[in-house]
Amino acid sequence: MNKIEHIGIAVKSIAAANEIYTKLLGYQPYKTEAVASEGVQTSFFTCGDSKIELLEATHPDSPIAKFIDKRGEGVHHLAFSVTNIEAEMERLEKEGFVLLNSTPKRGADNKLVAFLHPKSSHGVLVELCQDIVE
Ligand code: ZN
């Protein structure tokens, strides 16, 4: 694991949350992006070496909609930057972590991503992400 790449925050309204986080941080998000496969709209703020990702559900079956129904708005996941996502997935599986993806998939912000079940990590959903180099 290289560093905390970003912290994902589940929100009901990305427009409302963008306003608040723009006030909090003192600057605008650097991008917004829809991820159709996950049913989410995202926006990203830099914060030093890390980022904050806001996530709004785009349909009721989205994992974000389910999260908000159950737990309300708030911190949704921690994302760690990795150099070789497949090697990390293999290592973590051997360590007994439960992977939610058998292969990495394309996530927001030009990343390959995979998730670990929160039950593996004391209630925290963990995302691994590797930059896609094209
Ligand atoms: Zn994320």
Side-chain angles (χ1 to χ4, degrees):
M1 307 283 200
N2 300 330
K3 63 169 185 176
I4 292 183
E5 212 280 334
H6 64 268
I7 296 168
I9 299 172
V11 302
K12 288 180 183 163
S13 158
I14 222 148
N18 272 342
E19 264 184 52
I20 295 299
Y21 279 83
T22 296
K23 278 186 201 162
L24 177 71
L25 296 165
Y27 44 83
Q28 305 271 335
Y30 69 89
K31 72 148 66 167
T32 58
E33 184 181 348
V35 184
S37 61
E38 293 290 305
V40 294
Q41 176 69 37
T42 66
S43 73
F44 285 89
F45 293 82
T46 54
C47 189
D49 234 12
S50 299
K51 297 166 190 162
I52 290 173
E53 174 186 31
L54 304 178
L55 303 120
E56 178 192 331
T58 53
H59 60 74
D61 292 332
S62 156
I64 295 301
K66 288 177 185 160
F67 177 89
I68 288 177
D69 281 350
K70 232 161 103 181
R71 297 170 68 168
E73 293 184 296
V75 173
H76 177 258
H77 63 271
L78 276 188
F80 294 94
S81 152
V82 300
T83 309
N84 182 338
I85 195 166
E86 273 152 358
E88 279 299 324
M89 289 168 74
E90 203 182 309
R91 181 182 74 80
L92 292 166
E93 193 160 39
K94 279 191 192 134
E95 293 285 3
F97 291 91
V98 177
L99 301 179
L100 292 175
N101 312 97
S102 50
T103 53
K105 56 184 182 172
R106 212 184 167 99
D109 205 26
N110 203 38
K111 299 273 191 287
L112 280 177
V113 304
F115 288 89
L116 306 183
H117 196 287
K119 76 180 176 193
S120 303
S121 39
H122 296 262
V124 177
L125 177 63
V126 171
E127 177 182 357
L128 307 176
C129 52
Q130 178 187 334
D131 284 324
I132 295 172
V133 183
E134 288 170 313

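Atoms within each ligand, like the ligands themselves, are counted from 1 in listed order.
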Residue H76, metal the Zn ion (ligand 1), N/O/S under 2.8 Å: no

Heavy-atom side-chain proximity of D131 to L112 below 4.5 angstrom: no

Whether F45 and Y21 hold their rings parallel, tilted or perpendicular, with breakpoints at 30° and 60°: tilted

Any L25 side-chain heavy atom under 4.5 Å of C47 side chain: yes

N, O or S from E127 under 2.8 Å to the Zn ion (ligand 1): yes

Residue C129, metal the Zn ion (ligand 1), N/O/S under 2.8 Å: no

E53 near the Zn ion (ligand 1): N/O/S under 2.8 Å: yes

Summary of ring pair (Phe, Tyr, Trp, His ring centres under 6.0 Å) pairs that have at least one residue in residues 107-134, sequence neighbours excluded: H77-F115

